[in-house]
Trainee: 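Let me begin by handing over the structure; questions about it come next.
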Amino acid sequence: MAAKLLLFLFFSFPFLLQFHFSAGQNPVRGGYWSADSEFPVSDIDSTLFTHLFCAFADLNPQTNRVTVSAANQPRFSSFTSTVRSRNPNVRTLLSIGGGNSSPAGFASMASQASSRKSFIDSSINLARSYNFHGLDLDWEYPSTRTEMNNLGLLLNEWRAGLNNESAVTGRPKLLLSAALFRNSDYYTLLYPIQAIRNSLDWINVMAYDFYGPGWSNVTGPPAALYNPGTQVSGDYGIRSWIQSGIPANKLVLGFPFYGYAWRLVNANNHGFFAPTSGAAITPDGAVSYAQIRTFIAQNNAVEVYNATVVSNYCYAGTTWIGFDDTQSIRAKVSYVKQNGLLGYFAWQVGADDNGTLSRTASQAWGSRQLVAM
Ligand SMILES: *[C@@H]1O[C@H](CO)[C@@H](O)[C@H](O)[C@H]1NC(C)=O
Ligand SMILES: *[C@@H]1O[C@H](CO)[C@@H](O)[C@H](O)[C@H]1NC(C)=O
Ligand SMILES: *[C@@H]1O[C@H](CO)[C@@H](O)[C@H](O)[C@H]1NC(C)=O
Ligand SMILES: *[C@@H]1O[C@H](CO)[C@@H](O)[C@H](O)[C@H]1NC(C)=O
């Protein structure tokens with residue numbers, strides 16, 4: 001009876017779902033928007049997200065300040081108001097760095113108290129002047145023990161800076177997250193776990209780029225959730241973070257809205273770990289989900305979902321593409337819920353095919369309450 005009533009209420013008043021979560025940290029149904037994608041900010045269906053990351057602001061290695069290039073300023077400064085026009089509750093974070101930025105600049109900035117302060121103060125000023133709700137660090141990657149220690153100092157001082165700014169101005173605290181490697185150690189170099197736990201609101205775990213033609217001469221599941229016998233899977237990474245001392249409810253699982261295309265050596269050998277002779281379709285093989293759906297339609301490609309690994313792939317002739325389609329996304333969102341993680345994020349919304357994967361993830365998350373009852 002009570003269950004029936006609850007079921008009725010949940011069906012009838014979706015806003016109660018929000019209430020259900022209000023006791024703890026807000027869940028993250030996140031997506032990055034990349035300025036490089038040229039995807040118009042106004043085309044993001046922000047109703048499918050709780051948090052949107054605007055990528056990327058840069059670190060100026062001379063001044064150690066956070067900057068936004070002149071070309072990006074119009075879109076960055078209006079990002080929050082644009083995405084809030086469709087969803088007034090969505091929260092936005094300014095993401096700093098990224099895979100194409102120099103890790104040496106971050107290492108140098110983080111090595112001195114004075115340059116850390118320049119970085120932190122400028123990040124807060126920029127976030128406030130552009131009306132972001134938070135900041136996100138994407139330093140790929142600290143690669144020595146000293147750099148890992150300095151990352152810890154940076155995070156602790158950043159947290160103190162955000163707390164101070166909020167106390168002095170009376171404004172709600174800015175959020176602070178970081179996109180980190182899939183595992184809690186970057187090739188045997190452990191992240192500064194205590195600083196991460198104490199200073200970040202959550203971690204975006206980059207559980208993708210496991211296999212790609214640039215570094216693997218066999219096909220592979222680029223963002224496998226499971227990959228028995230290896231340390232290369234989303235599940236392995238999440239468990240490593242939990243074992244190192246990060247609570248599950250600070251972990252946000254990342255999945256890609258893109259895949260990798262290889263050229264098969266033999267068109268008849270088209271499973272995982274089949275020999276290849278390099279990239280297909282693009283120079284590095286990276287292809288957006290929208291491009292993959294077009295490729296499948298135009299080439300009548302064979303589509304396979306492997307539920308053991310949690311990965312999709314397709315092939316036509318000697319072209320083979322590994323990626324996440326709707327089945328993989330649903331299985332990963334279900335994993336997030338079952339393991340009590342804080343949420344998920346996608347890289348990046350402009351690669352989606354008219355919102356198909358964003359909607360799939362959002363809807364898979366929405367079924368949580370019904371499952372829980
Ligand atoms: C505290 O925040 C205020 C307002 O943002 C700033 O002027 C001040 O420098 C900050 N103090 C420290 C120690 O960071
Ligand atoms: C593929 O890469 C592996 C590991 O780097 C190497 O041992 C193997 O010889 C390579 N195979 C081909 C066909 O290039
Ligand atoms: C899924 O992939 C794994 C790893 O390659 C393989 O062992 C398994 O047979 C595949 N499952 C199916 C149903 O093809
Ligand atoms: C894109 O998605 C929307 C919402 O589901 C749908 O109404 C529209 O027809 C789609 N457009 C295309 C070109 O598929």
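All ligand and atom numbering here is 1-based and tracks the order in the structure. Position 1 is the first residue of the sequence, and the numbers go up from there.
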Trainee: Who gets closest to atom 8 (C) of ligand 3 by heavy atom: Asn306, Thr308, Asn227?
Mentor: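 Shortest heavy-atom distance from atom 8 (C) of ligand 3: Asn306.
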Trainee: Between Trp215 and Tyr260, is a ring-ring contact (aromatic ring centres under 6.0 Å, His included) present by the stated rule, with each step listed?
Mentor: CA-CA 11 Å; Trp215 58 99; Tyr260 283 107; 5.5 Å; yes
Trainee: If you compare all heavy atoms of Tyr186 against all heavy atoms of Pro142, which two are closest, and at what distance to 0.1 Å?
Mentor: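 Shortest heavy-atom separation between Tyr186 and Pro142 comes out as CD2-O, 3.6 Å.
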Trainee: If you count the atoms of ligand 3 from 1 in the order shown, which ones are under 4.0 Å from a heavy atom of Phe272?
Mentor: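 Listed by number with element, the hits are 2 (O), 5 (O).
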Trainee: To which protein heavy atom is atom 11 (N) of ligand 1 closest, and what is the distance rounded to 0.1 Å?
Mentor: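 The protein heavy atom lying closest is Asn164 ND2, 2.9 Å.
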Trainee: Counting N and O atoms only, with roles assigned by atom type, does the side chain of Asn60 sit under 3.5 Å from a partner on the main chain of Gln62, one being a donor and the other an acceptor?
Mentor: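 Yes, the answer is positive, given that a donor and an acceptor are paired below the 3.5 Å cut-off.
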Trainee: How close does the nearest protein non-hydrogen atom get to atom 10 (C) of ligand 4, and which residue and atom is it?
Mentor: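 Answer for atom 10 (C) of ligand 4: Asn354 ND2, 2.4 Å.
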Trainee: For the CG atom on Asn100, are there more than 12 heavy atoms of other groups (residues, nucleotides or ligands in this structure) within a distance under 6.0 Å?
Mentor: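 Open.
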Trainee: What's the shortest distance from atom 4 (C) of ligand 3 to any protein heavy atom, and which residue and atom give it?
Mentor: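 Nearest protein contact, heavy atoms only, for atom 4 (C) of ligand 3 is Val309 CG2, 3.9 Å.
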Trainee: Kindly assign one of parallel, tilted or perpendicular to the pair Tyr344 and Phe255, based on the angle between their ring planes and the thresholds 30° and 60°.
Mentor: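 Aromatic pair Tyr344/Phe255 classed parallel.
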Trainee: Which residue and non-hydrogen atom of the protein lie closest to atom 9 (O) of ligand 1, and at what distance in Å?
Mentor: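 Result: Lys117 NZ, 4.6 Å.
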Trainee: If you measure every N or O of Asp121 against every N or O of ligand 1, does any of those distances drop under 3.5 Å?
Mentor: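 No, Asp121 has no N/O under 3.5 Å of an N/O on ligand 1.
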Trainee: Establish whether atom 2 (O) of ligand 4 and some protein heavy atom are separated by less than 4.0 angstrom.
Mentor: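 For atom 2 (O) of ligand 4 the answer is yes, since some protein heavy atom falls inside 4.0 Å.
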Trainee: Which atoms of ligand 4 sit under 4.0 Å from any heavy atom of Arg359?
Mentor: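 Answer for ligand 4: 2 (O), 4 (C), 5 (O).
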Trainee: Against heavy atoms of Glu165, which atoms of ligand 1 measure under 4.0 Å?
Mentor: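 Near Glu165, meaning under 4.0 Å from one of its heavy atoms, ligand 1 has 2 (O), 5 (O).
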Trainee: Restricting to non-hydrogen atoms, name the atom on Leu357 and the atom on Asp352 that form the minimum distance, rounded to 0.1 Å.
Mentor: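 Residues Leu357 and Asp352, closest heavy atoms: N-OD1, 3.0 Å.
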Trainee: If you count heavy atoms of other groups shown closer than 6.0 angstrom to NZ of Lys250, is the number above 12?
Mentor: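 Correct, the count exceeds 12.
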Trainee: Inspect the contact between Arg159 and Asp201 and indicate whether a charged nitrogen and a carboxylate oxygen are less than 4.0 angstrom apart.
Mentor: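 Salt bridge between Asp201 and Arg159, a charged N being under 4.0 Å from a carboxylate O: yes.
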Trainee: Tell me whether atom 13 (C) of ligand 3 lies less than 4.0 Å from at least one protein heavy-atom position.
Mentor: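 Given the 4.0 Å limit, the answer for atom 13 (C) of ligand 3 is no, no protein heavy atom qualifies.
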